[in-house]
Amino acid sequence: MSGYNPYDNFLDVLDQAAKEVKLHRNDYETIKYPERELKVSIPIEMDDGSLRVFEGYRVQHSTLRGPGKGGIRYHPDVNIDEVKALAAWMTFKCAVVNIPYGGAKGGITVDPKTLSQNELKRLTRRYTAMILPLIGPERDIPAPDVGTNAQVMDWIMDTYSIMKGYTVPGVVTGKHIDIGGSLGRAEATGRGVMIITEEMLSRLGKKATDCRIAVQGMGNVGGISAKLFAATGCKITAISNVSGGLYCPTGLDVAEVIEFAKTAPITEYKKDGVSYITNEELLTSDCDVLVLAALENQVTADIAKKVKATMIVEGANGPTTVEADKILNKKGVIIVPDILANAGGVVVSYCEWVQNLQSLNWDENDVNVTLKKVMIRAFDSVYEISKQRGIPMRLAAYIVALERLCISRELRGIFP
Ligand code: GLU
(Lines give C-alpha, C1' and ligand atoms only; values in the text may rest on other atoms or scores of the structure.)
Protein backbone atom coordinates (compact mmCIF):
# COMPACT_ATOMS: atom_id res chain seq x y z
CA MET A 1 0.00 0.00 0.00
CA SER A 2 1.61 3.30 -0.99
CA GLY A 3 2.13 5.77 1.85
CA TYR A 4 1.35 3.07 4.40
CA ASN A 5 3.27 3.59 7.64
CA PRO A 6 3.38 0.61 10.05
CA TYR A 7 4.14 2.92 12.99
CA ASP A 8 0.71 4.54 12.45
CA ASN A 9 -0.75 1.05 12.69
CA PHE A 10 0.87 0.73 16.14
CA LEU A 11 -0.35 4.18 17.26
CA ASP A 12 -3.86 3.38 16.07
CA VAL A 13 -4.16 0.26 18.26
CA LEU A 14 -2.41 2.02 21.17
CA ASP A 15 -5.00 4.82 21.10
CA GLN A 16 -7.87 2.33 20.96
CA ALA A 17 -6.47 0.48 23.99
CA ALA A 18 -5.92 3.72 25.95
CA LYS A 19 -9.47 4.84 25.17
CA GLU A 20 -10.95 1.48 26.17
CA VAL A 21 -9.38 1.69 29.67
CA LYS A 22 -9.93 5.47 29.88
CA LEU A 23 -6.29 6.44 30.33
CA HIS A 24 -5.33 10.07 30.69
CA ARG A 25 -3.04 11.34 27.90
CA ASN A 26 -0.18 11.88 30.41
CA ASP A 27 -0.29 8.23 31.47
CA TYR A 28 0.82 6.91 28.12
CA GLU A 29 2.13 9.86 26.09
CA THR A 30 5.79 8.77 26.37
CA ILE A 31 4.98 5.30 24.99
CA LYS A 32 4.00 6.88 21.67
CA TYR A 33 7.61 7.89 21.00
CA PRO A 34 10.64 5.62 20.50
CA GLU A 35 13.31 6.49 23.09
CA ARG A 36 16.25 6.28 20.66
CA GLU A 37 16.75 5.88 16.91
CA LEU A 38 20.13 5.26 15.34
CA LYS A 39 20.75 5.23 11.60
CA VAL A 40 24.09 4.01 10.31
CA SER A 41 25.76 3.87 6.89
CA ILE A 42 27.71 0.65 6.61
CA PRO A 43 30.54 0.55 4.05
CA ILE A 44 31.55 -2.93 2.88
CA GLU A 45 34.26 -4.14 0.58
CA MET A 46 32.58 -6.63 -1.74
CA ASP A 47 34.36 -9.80 -2.86
CA ASP A 48 34.99 -8.29 -6.33
CA GLY A 49 36.83 -5.33 -4.76
CA SER A 50 33.99 -2.83 -5.25
CA LEU A 51 32.64 -0.78 -2.35
CA ARG A 52 28.98 -0.67 -1.30
CA VAL A 53 27.33 1.32 1.45
CA PHE A 54 24.27 -0.20 3.16
CA GLU A 55 21.74 1.50 5.43
CA GLY A 56 21.18 0.09 8.88
CA TYR A 57 19.14 0.98 11.97
CA ARG A 58 18.69 0.20 15.64
CA VAL A 59 15.69 1.63 17.42
CA GLN A 60 14.99 1.35 21.14
CA HIS A 61 11.33 1.98 21.57
CA SER A 62 11.26 1.54 25.34
CA THR A 63 13.51 0.55 28.21
CA LEU A 64 10.82 1.21 30.80
CA ARG A 65 10.50 -2.41 31.94
CA GLY A 66 14.09 -3.51 31.28
CA PRO A 67 16.76 -3.52 28.58
CA GLY A 68 15.73 -3.13 24.95
CA LYS A 69 15.04 -6.48 23.28
CA GLY A 70 14.33 -7.41 19.69
CA GLY A 71 15.59 -8.92 16.50
CA ILE A 72 17.72 -7.72 13.63
CA ARG A 73 16.20 -7.97 10.17
CA TYR A 74 18.08 -8.23 6.87
CA HIS A 75 15.57 -7.53 4.11
CA PRO A 76 15.38 -5.22 1.06
CA ASP A 77 12.24 -3.50 2.44
CA VAL A 78 13.77 -2.51 5.81
CA ASN A 79 13.22 1.21 6.51
CA ILE A 80 13.06 3.42 9.60
CA ASP A 81 9.26 3.35 9.93
CA GLU A 82 9.20 -0.43 9.78
CA VAL A 83 11.99 -0.74 12.37
CA LYS A 84 10.22 1.75 14.65
CA ALA A 85 6.97 -0.24 14.45
CA LEU A 86 8.75 -3.55 15.01
CA ALA A 87 10.53 -2.05 18.05
CA ALA A 88 7.24 -0.79 19.52
CA TRP A 89 5.61 -4.20 18.97
CA MET A 90 8.53 -5.75 20.91
CA THR A 91 7.79 -3.44 23.88
CA PHE A 92 4.19 -4.64 23.91
CA LYS A 93 5.15 -8.27 23.25
CA CYS A 94 7.55 -8.40 26.20
CA ALA A 95 5.00 -6.65 28.42
CA VAL A 96 2.15 -8.98 27.44
CA VAL A 97 4.18 -12.08 28.35
CA ASN A 98 5.51 -10.21 31.40
CA ILE A 99 9.25 -10.65 30.90
CA PRO A 100 11.55 -7.87 32.17
CA TYR A 101 12.44 -6.29 28.85
CA GLY A 102 11.61 -3.18 26.91
CA GLY A 103 11.42 -3.25 23.12
CA ALA A 104 13.92 -2.63 20.34
CA LYS A 105 14.60 -3.66 16.76
CA GLY A 106 17.30 -3.30 14.17
CA GLY A 107 17.78 -3.97 10.52
CA ILE A 108 19.81 -3.51 7.38
CA THR A 109 18.26 -2.75 3.99
CA VAL A 110 19.77 -5.67 2.10
CA ASP A 111 18.80 -8.93 0.44
CA PRO A 112 21.13 -11.32 2.29
CA LYS A 113 20.70 -13.95 -0.43
CA THR A 114 22.63 -11.74 -2.84
CA LEU A 115 25.74 -11.59 -0.58
CA SER A 116 28.47 -14.19 -0.10
CA GLN A 117 29.08 -15.56 3.43
CA ASN A 118 32.18 -13.37 3.70
CA GLU A 119 30.32 -10.25 2.61
CA LEU A 120 27.56 -11.05 5.10
CA LYS A 121 30.13 -11.50 7.84
CA ARG A 122 31.82 -8.17 7.09
CA LEU A 123 28.42 -6.43 6.91
CA THR A 124 27.36 -7.89 10.26
CA ARG A 125 30.64 -7.06 12.00
CA ARG A 126 30.69 -3.49 10.73
CA TYR A 127 27.02 -2.97 11.61
CA THR A 128 27.69 -4.33 15.12
CA ALA A 129 30.65 -1.97 15.55
CA MET A 130 28.44 0.94 14.50
CA ILE A 131 25.56 0.17 16.88
CA LEU A 132 27.96 -0.79 19.69
CA PRO A 133 27.19 2.20 21.96
CA LEU A 134 23.54 1.12 22.08
CA ILE A 135 23.77 -2.61 22.73
CA GLY A 136 24.89 -4.76 25.67
CA PRO A 137 23.41 -7.34 28.04
CA GLU A 138 22.04 -4.64 30.35
CA ARG A 139 21.23 -2.18 27.59
CA ASP A 140 19.73 -3.77 24.50
CA ILE A 141 19.93 -7.39 23.37
CA PRO A 142 19.51 -8.24 19.66
CA ALA A 143 18.22 -11.58 18.32
CA PRO A 144 17.44 -13.15 14.95
CA ASP A 145 14.55 -11.94 12.79
CA VAL A 146 13.67 -12.23 9.09
CA GLY A 147 16.86 -12.81 7.05
CA THR A 148 19.20 -13.38 10.04
CA ASN A 149 20.08 -16.57 11.92
CA ALA A 150 22.30 -18.10 14.61
CA GLN A 151 25.44 -17.53 12.53
CA VAL A 152 24.73 -13.80 12.30
CA MET A 153 24.16 -13.71 16.09
CA ASP A 154 27.49 -15.51 16.64
CA TRP A 155 29.30 -12.83 14.61
CA ILE A 156 27.56 -10.07 16.60
CA MET A 157 28.55 -11.72 19.88
CA ASP A 158 32.14 -12.13 18.72
CA THR A 159 32.47 -8.56 17.43
CA TYR A 160 31.01 -7.08 20.62
CA SER A 161 33.24 -9.31 22.77
CA ILE A 162 36.41 -8.41 20.85
CA MET A 163 35.63 -4.72 21.27
CA LYS A 164 35.04 -5.21 25.02
CA GLY A 165 38.10 -7.40 25.51
CA TYR A 166 36.21 -10.34 27.07
CA THR A 167 33.48 -12.74 25.96
CA VAL A 168 29.94 -11.45 26.52
CA PRO A 169 27.46 -14.19 25.54
CA GLY A 170 24.46 -12.25 26.93
CA VAL A 171 24.74 -9.45 24.35
CA VAL A 172 22.62 -11.40 21.82
CA THR A 173 20.21 -14.33 21.91
CA GLY A 174 19.57 -16.95 19.25
CA LYS A 175 23.25 -17.98 19.09
CA HIS A 176 24.46 -21.48 18.30
CA ILE A 177 24.27 -23.77 21.35
CA ASP A 178 28.07 -24.26 21.50
CA ILE A 179 28.73 -20.61 22.27
CA GLY A 180 25.90 -19.92 24.70
CA GLY A 181 22.70 -20.43 22.71
CA SER A 182 19.76 -22.10 24.43
CA LEU A 183 18.29 -25.48 23.65
CA GLY A 184 14.79 -24.96 22.28
CA ARG A 185 15.44 -21.40 21.00
CA ALA A 186 15.36 -22.31 17.28
CA GLU A 187 11.89 -23.91 17.59
CA ALA A 188 10.57 -21.48 20.23
CA THR A 189 8.47 -19.13 18.06
CA GLY A 190 6.86 -22.04 16.17
CA ARG A 191 6.26 -23.93 19.41
CA GLY A 192 4.70 -20.81 20.98
CA VAL A 193 2.40 -20.43 17.96
CA MET A 194 1.23 -24.01 18.48
CA ILE A 195 0.69 -23.59 22.25
CA ILE A 196 -1.36 -20.41 21.75
CA THR A 197 -3.40 -21.90 18.87
CA GLU A 198 -4.30 -24.93 21.00
CA GLU A 199 -5.25 -22.69 23.95
CA MET A 200 -7.51 -20.52 21.79
CA LEU A 201 -9.14 -23.54 20.18
CA SER A 202 -9.75 -25.18 23.55
CA ARG A 203 -11.67 -22.07 24.70
CA LEU A 204 -13.90 -22.56 21.66
CA GLY A 205 -14.42 -26.20 22.54
CA LYS A 206 -12.29 -27.35 19.60
CA LYS A 207 -9.19 -29.45 19.10
CA ALA A 208 -6.35 -28.62 16.71
CA THR A 209 -6.40 -32.20 15.42
CA ASP A 210 -9.97 -31.64 14.14
CA CYS A 211 -9.01 -28.48 12.25
CA ARG A 212 -7.73 -27.83 8.75
CA ILE A 213 -4.72 -25.54 9.15
CA ALA A 214 -3.22 -23.33 6.40
CA VAL A 215 0.22 -21.83 7.03
CA GLN A 216 1.64 -18.85 5.15
CA GLY A 217 5.44 -19.07 5.40
CA MET A 218 7.92 -21.90 5.71
CA GLY A 219 10.71 -20.26 7.64
CA ASN A 220 11.62 -20.33 11.28
CA VAL A 221 8.03 -19.65 12.34
CA GLY A 222 5.77 -21.15 9.64
CA GLY A 223 7.92 -24.17 8.83
CA ILE A 224 8.50 -25.13 12.45
CA SER A 225 4.92 -24.59 13.62
CA ALA A 226 3.61 -26.57 10.61
CA LYS A 227 5.98 -29.43 11.44
CA LEU A 228 4.98 -29.38 15.13
CA PHE A 229 1.27 -29.28 14.28
CA ALA A 230 1.70 -32.18 11.83
CA ALA A 231 3.68 -34.17 14.41
CA THR A 232 0.74 -33.94 16.84
CA GLY A 233 -1.64 -35.28 14.18
CA CYS A 234 -3.03 -32.02 12.76
CA LYS A 235 -3.93 -31.63 9.11
CA ILE A 236 -1.95 -28.94 7.29
CA THR A 237 -4.04 -28.30 4.18
CA ALA A 238 -1.88 -25.51 2.69
CA ILE A 239 1.59 -24.08 3.07
CA SER A 240 3.59 -21.51 1.12
CA ASN A 241 6.92 -19.78 0.69
CA VAL A 242 8.06 -16.91 -1.55
CA SER A 243 7.77 -19.09 -4.67
CA GLY A 244 4.09 -19.98 -4.06
CA GLY A 245 1.96 -22.45 -2.18
CA LEU A 246 0.67 -26.03 -2.09
CA TYR A 247 -2.82 -27.21 -1.23
CA CYS A 248 -4.09 -30.65 -0.31
CA PRO A 249 -7.55 -31.02 1.30
CA THR A 250 -6.56 -34.28 3.01
CA GLY A 251 -3.34 -32.80 4.47
CA LEU A 252 0.21 -32.31 3.18
CA ASP A 253 3.29 -34.29 4.15
CA VAL A 254 4.82 -31.19 5.74
CA ALA A 255 8.26 -32.59 6.57
CA GLU A 256 8.64 -33.80 2.96
CA VAL A 257 7.48 -30.47 1.47
CA ILE A 258 9.88 -28.48 3.68
CA GLU A 259 12.78 -30.76 2.77
CA PHE A 260 11.89 -30.45 -0.94
CA ALA A 261 11.65 -26.66 -0.78
CA LYS A 262 15.23 -26.41 0.53
CA THR A 263 16.61 -27.17 -2.93
CA ALA A 264 13.82 -26.48 -5.44
CA PRO A 265 10.90 -24.11 -6.02
CA ILE A 266 7.78 -25.43 -4.31
CA THR A 267 6.00 -25.33 -7.70
CA GLU A 268 7.99 -28.38 -8.78
CA TYR A 269 6.71 -30.55 -5.92
CA LYS A 270 4.42 -33.24 -7.39
CA LYS A 271 2.16 -35.61 -5.47
CA ASP A 272 -1.35 -37.04 -5.98
CA GLY A 273 -4.01 -34.74 -4.56
CA VAL A 274 -1.61 -31.81 -4.14
CA SER A 275 -2.20 -28.69 -6.23
CA TYR A 276 -0.20 -25.52 -6.67
CA ILE A 277 -1.81 -22.33 -5.33
CA THR A 278 -0.84 -18.66 -5.26
CA ASN A 279 -0.17 -16.73 -2.09
CA GLU A 280 -3.62 -15.11 -2.27
CA GLU A 281 -5.27 -18.50 -2.81
CA LEU A 282 -3.54 -19.76 0.33
CA LEU A 283 -4.81 -16.84 2.41
CA THR A 284 -8.37 -17.36 1.16
CA SER A 285 -8.25 -21.18 1.06
CA ASP A 286 -10.86 -23.40 2.65
CA CYS A 287 -9.51 -23.98 6.17
CA ASP A 288 -10.39 -23.51 9.84
CA VAL A 289 -7.16 -21.93 11.11
CA LEU A 290 -4.94 -19.60 9.10
CA VAL A 291 -1.42 -19.12 10.48
CA LEU A 292 0.26 -15.99 9.10
CA ALA A 293 3.99 -16.54 9.37
CA ALA A 294 5.52 -14.47 6.55
CA LEU A 295 5.82 -10.67 6.65
CA GLU A 296 3.77 -7.55 7.44
CA ASN A 297 0.66 -6.43 5.56
CA GLN A 298 -0.20 -9.78 4.01
CA VAL A 299 -3.91 -9.71 4.74
CA THR A 300 -5.25 -6.56 3.13
CA ALA A 301 -8.88 -5.37 3.10
CA ASP A 302 -9.51 -7.14 -0.24
CA ILE A 303 -8.14 -10.42 1.03
CA ALA A 304 -9.91 -10.09 4.40
CA LYS A 305 -13.28 -10.05 2.62
CA LYS A 306 -12.46 -13.44 1.08
CA VAL A 307 -10.89 -15.17 4.12
CA LYS A 308 -12.70 -18.43 4.93
CA ALA A 309 -10.82 -19.36 8.11
CA THR A 310 -12.68 -18.80 11.38
CA MET A 311 -9.46 -18.16 13.28
CA ILE A 312 -6.23 -16.37 12.35
CA VAL A 313 -2.99 -16.77 14.30
CA GLU A 314 -0.38 -14.08 13.67
CA GLY A 315 2.99 -15.85 13.68
CA ALA A 316 4.56 -12.87 11.84
CA ASN A 317 4.67 -9.31 13.16
CA GLY A 318 1.94 -7.05 11.76
CA PRO A 319 0.61 -9.38 9.02
CA THR A 320 -2.93 -7.90 9.10
CA THR A 321 -3.56 -4.30 8.00
CA VAL A 322 -5.75 -2.03 10.14
CA GLU A 323 -8.56 -2.12 7.52
CA ALA A 324 -8.35 -5.89 7.20
CA ASP A 325 -8.49 -6.22 10.99
CA LYS A 326 -11.76 -4.27 11.08
CA ILE A 327 -13.31 -6.38 8.30
CA LEU A 328 -12.25 -9.65 9.95
CA ASN A 329 -13.61 -8.56 13.33
CA LYS A 330 -16.94 -7.70 11.70
CA LYS A 331 -17.00 -11.14 10.05
CA GLY A 332 -16.47 -12.71 13.48
CA VAL A 333 -13.04 -14.14 12.64
CA ILE A 334 -11.00 -14.60 15.82
CA ILE A 335 -7.54 -13.08 15.46
CA VAL A 336 -4.85 -14.15 17.91
CA PRO A 337 -2.54 -11.12 17.68
CA ASP A 338 1.18 -11.16 16.89
CA ILE A 339 2.34 -9.73 20.22
CA LEU A 340 0.85 -12.78 21.93
CA ALA A 341 0.97 -15.50 19.25
CA ASN A 342 4.62 -15.10 18.24
CA ALA A 343 6.06 -14.23 21.65
CA GLY A 344 7.55 -17.72 22.08
CA GLY A 345 10.80 -16.60 20.43
CA VAL A 346 11.47 -13.77 22.82
CA VAL A 347 10.37 -15.85 25.81
CA VAL A 348 13.10 -18.40 25.05
CA SER A 349 15.49 -15.53 24.24
CA TYR A 350 14.86 -14.48 27.83
CA CYS A 351 15.68 -18.04 28.99
CA GLU A 352 18.91 -17.87 26.95
CA TRP A 353 19.90 -14.50 28.41
CA VAL A 354 19.18 -15.67 31.97
CA GLN A 355 21.39 -18.73 31.36
CA ASN A 356 24.15 -16.50 29.92
CA LEU A 357 24.08 -14.10 32.86
CA GLN A 358 24.34 -17.01 35.31
CA SER A 359 26.72 -19.18 33.22
CA LEU A 360 24.22 -22.04 33.29
CA ASN A 361 22.87 -24.51 30.73
CA TRP A 362 19.27 -25.59 31.10
CA ASP A 363 17.87 -28.86 29.77
CA GLU A 364 15.59 -28.55 26.75
CA ASN A 365 12.70 -29.77 28.85
CA ASP A 366 13.19 -26.95 31.40
CA VAL A 367 13.14 -24.44 28.55
CA ASN A 368 9.98 -25.88 27.00
CA VAL A 369 8.20 -26.08 30.36
CA THR A 370 9.03 -22.41 31.05
CA LEU A 371 7.89 -21.43 27.55
CA LYS A 372 4.55 -23.19 27.98
CA LYS A 373 3.97 -21.73 31.44
CA VAL A 374 4.72 -18.16 30.32
CA MET A 375 2.65 -18.44 27.11
CA ILE A 376 -0.41 -19.91 28.84
CA ARG A 377 -0.26 -17.32 31.63
CA ALA A 378 -0.14 -14.54 29.02
CA PHE A 379 -2.95 -16.15 27.01
CA ASP A 380 -5.16 -16.39 30.11
CA SER A 381 -4.70 -12.72 31.02
CA VAL A 382 -5.49 -11.59 27.46
CA TYR A 383 -8.45 -13.93 27.07
CA GLU A 384 -9.94 -12.79 30.36
CA ILE A 385 -9.84 -9.10 29.35
CA SER A 386 -11.26 -9.97 25.95
CA LYS A 387 -14.21 -11.85 27.55
CA GLN A 388 -14.81 -9.28 30.33
CA ARG A 389 -14.94 -6.34 27.97
CA GLY A 390 -16.32 -8.13 24.90
CA ILE A 391 -13.43 -6.90 22.76
CA PRO A 392 -11.11 -8.58 20.19
CA MET A 393 -8.00 -10.38 21.43
CA ARG A 394 -5.70 -7.76 19.84
CA LEU A 395 -7.18 -4.90 21.83
CA ALA A 396 -7.16 -7.06 24.97
CA ALA A 397 -3.46 -7.91 24.49
CA TYR A 398 -2.62 -4.21 24.09
CA ILE A 399 -4.56 -3.39 27.24
CA VAL A 400 -2.69 -6.03 29.28
CA ALA A 401 0.65 -4.69 28.03
CA LEU A 402 -0.27 -1.02 28.29
CA GLU A 403 -1.44 -1.35 31.88
CA ARG A 404 1.89 -2.97 32.84
CA LEU A 405 3.82 -0.22 31.02
CA CYS A 406 1.78 2.50 32.72
CA ILE A 407 2.43 1.02 36.16
CA SER A 408 6.20 1.09 35.48
CA ARG A 409 5.92 4.66 34.19
CA GLU A 410 4.07 5.78 37.29
CA LEU A 411 6.42 4.04 39.73
CA ARG A 412 9.58 5.24 38.01
CA GLY A 413 8.31 8.75 37.31
CA ILE A 414 9.83 11.06 34.72
CA PHE A 415 13.48 12.10 35.00
CA PRO A 416 14.51 14.74 36.10
N1 GLU B 1 12.58 -11.46 16.17
C2 GLU B 1 11.76 -12.15 17.12
C3 GLU B 1 10.48 -11.37 17.38
O4 GLU B 1 10.05 -10.57 16.59
C5 GLU B 1 12.51 -12.50 18.38
C6 GLU B 1 13.03 -11.35 19.18
C7 GLU B 1 13.92 -11.73 20.34
O8 GLU B 1 14.05 -12.92 20.63
O9 GLU B 1 14.48 -10.82 20.94
O10 GLU B 1 9.81 -11.60 18.35
Side-chain angles (χ1 to χ4, degrees), residues 6 10 57-63 65-75 78 82-97 99-108 112 131 134-137 139-150 152-153 156-157 169-176 180-182 184-193 195-196 217 219-222 224-225 292-296 313-319 336-356 367 370-371 374-375 378 397 401:
F10 159 71
Y57 309 92
R58 184 74 188 172
V59 173
Q60 289 167 356
H61 172 261
S62 171
T63 55
R65 286 173 39 90
K69 185 82 190 88
I72 289 179
R73 178 172 292 201
Y74 288 179
H75 192 276
V78 164
E82 184 192 59
V83 178
K84 273 167 64 180
L86 288 162
W89 289 331
M90 284 310 301
T91 302
F92 278 69
K93 193 184 298 188
C94 293
V96 87
V97 290
I99 53 176
Y101 285 141
K105 202 84 177 196
I108 303 179
I131 64 164
L134 254 55
I135 61 172
R139 242 180 246 274
D140 179 0
I141 307 124
D145 197 74
V146 176
T148 57
N149 53 25
V152 173
M153 298 308 115
I156 296 176
M157 187 278 250
V171 65
V172 278
T173 57
K175 305 174 289 293
H176 277 111
S182 177
R185 175 61 184 87
E187 303 81 31
T189 313
R191 190 175 293 282
V193 164
I195 294 168
I196 290 291
N220 184 42
V221 186
I224 289 174
S225 59
L292 301 173
L295 285 168
E296 294 101 275
V313 182
E314 295 185 333
N317 293 310
V336 191
D338 46 8
I339 59 168
L340 173 65
N342 72 31
V346 75
V347 169
V348 177
S349 275
Y350 170 63
C351 298
E352 179 173 331
W353 178 74
V354 167
Q355 291 170 75
N356 292 158
V367 173
T370 305
L371 171 65
V374 173
M375 294 302 281

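Counting starts at 1 for both ligands and their atoms, in listed order. Throughout, residue positions are numbered sequentially from 1 according to the sequence presented.
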From the options Leu86, Asp140, Val78, select the one residue that forms a side chain to side chain contact (heavy atoms under 4.5 Å, CB included) with Lys105.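 The residue from Leu86, Asp140, Val78 that satisfies side chain to side chain contact (heavy atoms under 4.5 Å, CB included) with Lys105 turns out to be Leu86.
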Return the set of residues passing side chain to side chain donor-acceptor pair (under 3.5 Å) with Thr148 (not counting sequence neighbours), or none when no residue passes. none
If the criterion is any heavy atom closer than 4.0 Å to an atom of ligand 1, which residues make the list?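 Only Lys69, Gly70, Gly71, Met90, Lys93, Lys105, Ala143, Pro144, Asp145, Arg185, Asn317, Gly345, Val346, Ser349 have heavy atoms that fall under 4.0 Å of ligand 1, ordered by chain and number.
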Kindly write out the residues that satisfy side chain to side chain contact (heavy atoms under 4.5 Å, CB included) with Ala316, not counting sequence neighbours, or none if the list is empty. Pro319
So do the side chains of Cys94 and Ile99 get within less than 4.5 Å of each other, counting heavy atoms only? yes
Salt bridge (charged side-chain N to carboxylate O under 4.0 Å, His left out) partners of Glu187, counting only residues at least two apart: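 Checked Glu187 against salt bridge (charged side-chain N to carboxylate O under 4.0 Å, His left out); zero matches.
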Angle class for the Phe10/His61 ring planes (parallel below 30°, perpendicular above 60°, tilted otherwise)? perpendicular
